[in-house]
Novice: 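Take this structure first; my questions come after.
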Amino acid sequence: MSARMDEEAPRSAVLDAVAHEYGLDPREPRIFKGEFDRNVRISDPDRGTWLIKVSDERTPAVALDWQETVLAAAAHGIRSGHPDMEIATPRLLATRTGQRRVTLEHGGKTFRLRVVEWIDGDLLSACSAVPRSVYEELGRASAVLTRAFADLTVPTDLPEHTWLAQRSTQEIRAALTRLRDDGRSRTVAEVVAGFERDHADRLARVPWGVVHQDLHDDNTIVTGGDEDPRRLRLAGVIDFNDAHFAPLVADPAVAAAYATLRADDRRDRIAAVVAGYERIRELSEDERSLVEPLALLRLCTNWSVWSVRAAEDVDPEYALRRSRHTWAAVEALLDQP
């Protein structure tokens, strides 16, 4: 368990609150670090495995309300619109009194606890051999979720965040001012300048709406590959915290960006995501021309933002892990004509 979790919200206080409010018997707690939330997996002997999401004051109530709305829309959209699609999304557990979250006061700070269903399987990032079909399924899931969110309206006071596609160039530029001026930072600056020159106008005119915005390989669950990697399949999508209003094409582009990590044929991975996506929603010519530039821009955002955090955070391990394969993918995409 992380020291930070002990300091901010002791495990005992979190588990006691969950036992009292949700009626669970939380056993075998295991901490998973997130960008903002602290996630605690627990096992109840009668009711299965769950994930406690611990949010602090950095996450405003409007963001929590929005995340819960998005989760409900995702589950309903897949179940009603695509019953043949066996992809799970986190299901919120209500408290004994029907609430979606509870408040925990500790050490003069306020924490909000939510409990969601644990989705069994392996993170895609942990798999060394992944068949093309998984990335096609991921593209399809991206389009299905986008359709599920079609009727949602983003709250006017919902904060934007670092990972929005439309903020990529400014976030990268801000990060570069805090990094050493070397070959990598100059390469990233050239990518930003090229995107602004060649694609910014196109990004503004393509369709926009609510998208998941974070379909990376730590947010996708796979199963079935224990004996034969060719039988691996997409089983779930998690972490809807970044869902927001953005160009619709940003969603398959993000998935395509992370699909290139640790790949031999990176452009074929991008093509697989696009092929799966277009089984549900056809892309316009403008959108197709944006997929790879947006994917490259996302990789540059990942590299620059996590490089800053690794250099300035008191605990750089998480930041380094989140970007450990990124630069190789950036170089490969730039090296291939």
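All values reported here derive from a predicted model rather than from experimental measurement. Residue numbers run from 1 in the order of the sequence given.
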Novice: Under 4.5 Å between side-chain heavy atoms, hopping through other hydrophobics if needed: is there a path connecting Phe195 to Trp327?
Specialist: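 Same cluster.
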Novice: Any idea how Trp306 and Tyr318 line up, ring-wise: parallel (<30°), tilted (30 to 60°), or perpendicular (>60°)?
Specialist: perpendicular
Novice: Would you call Val115 and Leu92 a side-chain contact if the rule is heavy atoms closer than 4.5 Å?
Specialist: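 Answer no - side chains too far apart.
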Novice: Do NZ/NE/NH1/NH2 and the carboxylate oxygens of Glu160 and Arg167 come within less than 4.0 Å?
Specialist: yes
Novice: Taking NZ, NE, NH1 and NH2 as the nitrogens, is one of them in Lys109 or Glu57 under 4.0 Å from a carboxylate oxygen of the other?
Specialist: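 No, no charged N to carboxylate O under 4.0 Å.
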Novice: Among residues at least two apart in sequence or on other chains, which ones pass side chain to side chain donor-acceptor pair (under 3.5 Å) with Glu285?
Specialist: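 Glu285 satisfies side chain to side chain donor-acceptor pair (under 3.5 Å) with Arg288 once adjacent residues are dropped.
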Novice: Side-chain heavy atoms under 4.5 Å apart, restricted to Ile/Leu/Val/Met/Phe/Trp/Tyr: what other residues fall into the cluster of Leu164, or is it alone?
Specialist: none
Novice: If we ignore hydrogens and angles and just use 3.5 Å, is the side chain of Asp44 paired with the main-chain N or O of Asp25 as donor and acceptor?
Specialist: yes
Novice: Could you tell me whether Glu196 and Arg173 have a side-chain N and a carboxylate O separated by less than 4.0 Å?
Specialist: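 Arg173 and Glu196: salt-bridged.
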Novice: Quick check: is Trp163 connected to Leu296 through a chain of hydrophobic side chains (ILVMFWY, heavy atoms under 4.5 Å apart)?
Specialist: no
Novice: Spell out, as yes or no, whether a donor-acceptor pair under 3.5 Å connects the side chain of Arg101 to the backbone of Ala94.
Specialist: no
Novice: Any ion pair linking Arg112 and Asp37 (charged N to carboxylate O, less than 4.0 Å)?
Specialist: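 The answer is no: the pair does not qualify as a salt bridge.
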Novice: Who pairs with Asp201 by side chain to side chain donor-acceptor pair (under 3.5 Å), at least two apart in sequence or on another chain?
Specialist: none
Novice: For Arg184, give me all partners under side chain to side chain donor-acceptor pair (under 3.5 Å), at least two apart in sequence or on another chain.
Specialist: none
Novice: Are Arg197 and Glu190 ion-paired here, with the side-chain N under 4.0 Å from a carboxylate O?
Specialist: no
Novice: Are Phe240 and His212 an aromatic pair by the rule of ring centers under 6.0 Å?
Specialist: yes
Novice: What I'd like to find out is whether the side chain of Arg178 reaches to under 4.5 Å of the side chain of Glu312, using heavy atoms alone.
Specialist: yes
Novice: Going by side chain to side chain donor-acceptor pair (under 3.5 Å), name the residues that satisfy it together with Trp66, two or more places apart in sequence or in a different chain.
Specialist: none
Novice: Clusters formed by hydrophobic residues whose side-chain heavy atoms approach within less than 4.5 Å: which one holds Leu320, and what are its other members?
Specialist: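 Besides Leu320, the cluster holds no residue at all.
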Novice: Is the shortest distance from a Lys or Arg side-chain nitrogen in Lys53 or Asp239 to a carboxylate oxygen in the other one below 4.0 Å?
Specialist: no
Novice: Under 6.0 Å between the ring centres of Tyr22 and Trp50?
Specialist: no
